[in-house]
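Shown next, in structure tokens, is the structure this report addresses.
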Amino acid sequence: MLTELDKQLVKELQSGLPLVSRPFAEIGRRLGLSEEAVLEKLQAFKDSGHLKRLGAAIRHQRVGFAGNALVAWRVPEDRLDEVGRTLAGFKEITHCYQRVTRPGWPYNLYTMVHKPTRDECAGLVRRLAEQVGVDDYLVLFSDRELKRTSMTYFAE
């Protein structure tokens, strides 16, 4: 069971980390806790399964990346783990996940690839395809971000 203080911490986290050198100290200041106490609570959340991970959500187009693409790959089933692990290891790839195929849509592995330009992005995808030995893929470039929201817990 989460306490009221726990819920306040969740509210602070879901609105984004403060852009300061010690964001957990700042959150602690707002809640009347030390930085160490905030970090201990986060570890307890993780240990209990209430929190899986903390991560940055970068808006790639806002920071200058015009080459953003979803790449749909058709990978033989017996190579999915190998190819997925290899692709996920590239710093330019922020998401890599498997999906079930559907009639008329044979793609089963998806990656999000980011580079400063579309040409650089396309070039990287070609090199990735060559490296993993998969030549059946589709590159879908992002023109704009339509919606990006996260769950909100304990809203007023």
Side-chain angles (χ1 to χ4, degrees), residues 1-73 75 77 79-102 105 107-118 120-121 124-125 128 131-132 134 137-156:
M1 180 66 81
L2 295 177
T3 67
E4 283 305 312
L5 183 58
D6 292 338
K7 291 176 184 178
Q8 290 301 316
L9 177 55
V10 170
K11 286 181 183 179
E12 286 287 337
L13 292 171
Q14 70 192 11
S15 63
L17 292 178
L19 296 177
V20 296
S21 62
R22 297 179 64 191
F24 300 110
E26 174 60 24
I27 289 172
R29 186 191 63 73
R30 294 177 191 172
L31 298 176
L33 298 171
S34 68
E35 178 180 33
E36 182 177 294
V38 169
L39 294 171
E40 286 173 3
K41 281 194 165 290
L42 292 176
Q43 186 62 54
F45 285 173
K46 188 173 182 194
D47 292 345
S48 69
H50 286 103
L51 174 71
K52 291 190 181 188
R53 69 179 190 87
L54 284 176
I58 297 171
R59 297 200 165 169
H60 291 87
Q61 291 173 339
R62 286 189 184 177
V63 296
F65 284 80
N68 302 293
L70 171 70
V71 184
W73 305 86
V75 179
E77 289 293 322
R79 295 195 59 224
L80 266 169
D81 285 345
E82 166 212 341
V83 172
R85 287 184 207 290
T86 300
L87 292 174
F90 284 84
K91 66 181 180 190
E92 298 91 348
I93 293 180
T94 56
H95 297 76
C96 183
Y97 50 94
Q98 177 185 353
R99 290 289 184 260
V100 176
T101 60
R102 300 283 182 225
W105 189 257
Y107 304 102
N108 55 359
L109 187 69
Y110 297 84
T111 56
M112 282 300 303
V113 180
H114 306 280
K115 291 295 276 180
T117 68
R118 282 185 173 212
E120 289 174 277
C121 189
L124 174 63
V125 172
L128 293 171
Q131 181 157 344
V132 296
V134 175
Y137 61 91
L138 184 63
V139 180
L140 305 166
F141 283 101
S142 301
D143 289 323
R144 60 190 168 108
E145 188 175 286
L146 299 175
K147 180 180 179 184
R148 188 172 197 156
T149 59
S150 296
M151 292 293 298
T152 301
Y153 301 98
F154 314 115
E156 306 294 314

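Note that these values count all heavy atoms, side chains included, but never hydrogens, waters or copies made by symmetry. Position 1 is the first residue of the sequence; numbering continues from there.
- Around NZ of K46, the count of heavy atoms belonging to other residues, nucleotides or ligands within 6.0 Å does not exceed 12.
- Here the CD-CG distance, from Q131 to L87, works out to 8.5 Å after rounding to the nearest 0.5 Å.
- A search for side-chain contact (heavy atoms from CB on, under 4.5 Å) contacts involving S48 returns H50, not counting sequence neighbours.
- Considering only residues two or more places apart in sequence or on other chains, R22 meets the side-chain contact (heavy atoms from CB on, under 4.5 Å) condition with A25, E35.
- The closest side-chain heavy-atom distance from W73 to L128 is below 4.5 Å.
- Of the inter-residue distances, the one linking T111 atom OG1 with H95 atom NE2 reads 11.0 Å to the nearest 0.5 angstrom.
- Contact of the D6 side chain with the L9 side chain is not registered, since no non-hydrogen atoms from C-beta on lie closer than 4.5 Å.
- Residues V113 and F90 form no side-chain contact, since every pair of their non-hydrogen atoms from C-beta on lies 4.5 Å or further apart.
- For R30, the CZ atom is densely surrounded, since the number of other residues' heavy atoms within 6.0 Å is greater than 12.
- Judged by distance alone, the side chain of D47 and the main-chain N or O of A44 form no donor-acceptor pair under 3.5 Å.
- The CG atom of L124 lies 6.5 Å from the CD1 atom of I93; values are rounded to the nearest 0.5 Å.
- Note that the CG atom of N68 and the NZ atom of K115 stand 11.5 Å from one another [nearest 0.5 Å].
- P18 is listed as a side-chain neighbour of I27, based on a closest heavy-atom distance under 4.5 Å.
- Judged by distance alone, with hydrogens and angles left aside, the side-chain atoms of N108 form a donor-acceptor pair with the main-chain N or O of V75 at under 3.5 Å.
- E40 pairs by the side chain to side chain donor-acceptor pair (under 3.5 Å) definition with nothing, not counting sequence neighbours.
- Considering every non-hydrogen atom in both A37 and L33, the closest pair reads CB-CB, 4.1 Å.
- Note that CG of L13 is 11.5 Å distant from CD of Q8, once rounded to the nearest 0.5 Å.
- We find the CD-NE2 distance between E120 and H114 to be 14.0 Å, quoted to the nearest 0.5 Å.
- Taking 4.5 Å as the limit, some side-chain heavy atom of L42 sits within range of a side-chain heavy atom of F24.
- With contacts defined as side-chain heavy-atom distances shorter than 4.5 Å, the pair Y137/L109 does not qualify.
- Within a 6.0 Å sphere centred on CD of E36, heavy atoms belonging to other residues, nucleotides or ligands number 12 at most.
- Minimum interatomic distance between G84 and C96 (heavy atoms only, all atoms of both residues): O-SG, 3.5 Å.
- Looking at R99 and W105, their side chains never come closer than 4.5 Å, going by heavy atoms from C-beta outward.
- Pairing each heavy atom of G28 with each of V38, the nearest pair is CA-CG2, 3.5 Å.
- Under a cut-off of 6.0 angstrom, the local environment of CG in L19 is sparse, with at most 12 non-hydrogen atoms contributed by other residues, nucleotides or ligands.
- Contact record, Y107 with A72: CD2-O, 3.4 Å, taken as the closest heavy-atom pair.
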